[in-house]
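Step one of this worksheet: look at the structure below.
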Amino acid sequence: EAQVTQNPRYLITVTGKKLTVTCSQNMNHEYMSWYRQDPGLGLRQIYYSMNVEVTDKGDVPEGYKVSRKEKRNFPLILESPSPNQTSLYFCASSRTWTSGRNTGELFFGEGSRLTVL
Amino acid sequence: AQSVTQLDSHVSVSEGTPVLLRCNYSSSYSPSLFWYVQHPNKGLQLLLKYTSAATLVKGINGFEAEFKKSETSFHLTKPSAHMSDAAEYFCVQAAGNKLTFGGGTRVLVKP
């Protein structure tokens, strides 16, 4: 079954304790991306990756890091979490056109709800 | 900078009546536009997409959307709401590799 898998689904942590949210897709997609969802703000892009070893900032990258060492995995790293990073996080992936642009047809994981105390 | 505005944060309809979700986009060139649906405690799922072919786009579950360049709108409709349509809906604009999401419209379906 085609899917994007995120872990953990729920996490409560404390300020400053490093954490990683993993994301894995089994569709051989080139494009992967992280979003945070906050009430009334829709989804905002944190980082995206066009392919292995190629990453770029989205709209709200501050306080986050990513890496893309393998095509299927795109972990999100919070080096020193703060309470304003309490949010619902989604990982997504999609194919790209031969031009390299992503198709916009995203496949989403089920989300990771993070609470930072 | 591009922006996507969903004109209603909440919409309430009765089962069997039409649904209209309004979306306006801003772009200086022909955008690619999408509607996604998010059911409770789930990720987003693609409903339909517009990529400069037909202006009336049909999607899954009986939804359709009409692209109107003169109005910079991409409204989503369904002739007859079902209880299973209760969810949050997002209008999305793609320009290059950048995707911009609207703020979402939560749909409540009354029996």
Side-chain angles (χ1 to χ4, degrees), chain A residues 1-7 9-10 21 23-25 27 29-51 54-61 88-97 99-113, chain B residues 1-11 21-27 29-53 57 59-60 65 67 74 76 87-106:
Chain A
E1 180 190 354
Q3 58 185 3
V4 177
T5 304
Q6 298 179 224
N7 279 296
R9 294 288 313 280
Y10 301 90
V21 186
C23 174
S24 181
Q25 50 95 3
M27 294 166 279
H29 286 166
E30 294 83 11
Y31 180 91
M32 297 186 74
S33 184
W34 277 102
Y35 300 86
R36 60 177 290 172
Q37 183 179 22
D38 301 289
L41 296 178
L43 274 74
R44 292 178 293 168
Q45 189 176 49
I46 303 171
Y47 270 95
Y48 67 94
S49 170
M50 296 304 300
N51 215 323
V54 181
T55 63
D56 210 345
K57 296 177 181 178
D59 296 317
V60 288
L88 179 59
Y89 291 87
F90 287 99
C91 180
S93 71
S94 77
R95 294 180 300 113
T96 57
W97 302 113
S99 64
R101 284 179 49 186
N102 95 76
T103 63
E105 298 178 35
L106 296 168
F107 289 77
F108 281 84
E110 297 211 323
S112 296
R113 187 168 292 282
Chain B
Q2 60 191 29
S3 65
V4 177
T5 303
Q6 292 182 241
L7 297 161
D8 305 291
S9 60
H10 293 80
V11 167
L21 305 183
R22 298 181 295 166
C23 171
N24 286 110
Y25 67 93
S26 72
S27 179
Y29 46 86
S30 292
S32 295
L33 296 164
F34 307 81
W35 277 98
Y36 282 82
V37 60
Q38 183 181 28
H39 288 96
N41 300 313
K42 295 290 185 184
L44 282 73
Q45 179 187 15
L46 180 66
L47 268 182
L48 52 80
K49 63 178 180 179
Y50 166 78
T51 53
S52 74
V57 182
I60 61 172
F67 172 72
F74 189 56
L76 181 70
E88 189 159 19
Y89 294 78
F90 293 93
C91 183
V92 180
Q93 177 180 335
N97 285 313
K98 183 167 176 55
L99 295 172
T100 302
F101 286 73
T105 299
R106 191 171 295 276

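Convention: sequence-line order gives letters A, B, ...; per-chain numbering from 1.
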Item to check | Top of A:P39, A:G42, A:G109 for chain B proximity - count of heavy-atom pairs under 4.5 angstrom | outcome: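 Max contact count across the listed options: A:G42.
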Item to check | Option that, when pairs with chain B are counted at under 4.5 Å, heavy atom only, ranks first among A:Q6, A:R44, A:M50 | outcome: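 Top count of heavy-atom pairs under 4.5 Å with chain B: A:M50.
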Supply the atom-to-atom distance [X] [atom1] to [Y] [atom2], rounded to the nearest 0.5 angstrom.
X      : Y     : atom1 : atom2 : result
A:T103 : B:F34 : OG1   : CZ    : 6.5 Å
A:L43  : B:L99 : CG    : CG    : 10.0 Å
A:S94  : B:L46 : OG    : CG    : 10.5 Å

Next on the checklist: Filter on salt bridge (Lys or Arg N to Asp or Glu O under 4.0 Å), then keep only pairs touching residues 103-112 of chain A, sequence neighbours left out; what's left?
Outcome noted: A:R9-A:E110, A:E105-B:K49, A:E110-B:K42
Checklist entry - Under a 4.5 Å heavy-atom cut-off, does chain A meet the side chain of B:S32, its backbone, both or neither? => result side chain
Checklist entry - Where on B:Q6 is there a heavy atom nearer than 4.5 Å to chain A: the side chain, the backbone, both, or neither? => result neither
Does any heavy atom of chain B fall under 4.5 Å from the side chain of [X], the backbone, both, or neither of them?
X     : result
A:L41 : backbone
A:S33 : neither
A:Q37 : side chain

Item to check | A:A92: partners by side chain to side chain contact (heavy atoms under 4.5 Å, CB included), with sequence neighbours left out | outcome: A:Y35, A:L106, A:F108
Checklist entry - Around A:R113, counting heavy atoms of other residues, nucleotides and ligands shown, do more than 12 lie under 6.0 Å from its CZ? => result no
Checklist entry - Top residue by heavy-atom pair count (under 4.5 Å) with chain A, among B:V4, B:L44, B:T51, B:L33? => result B:L44
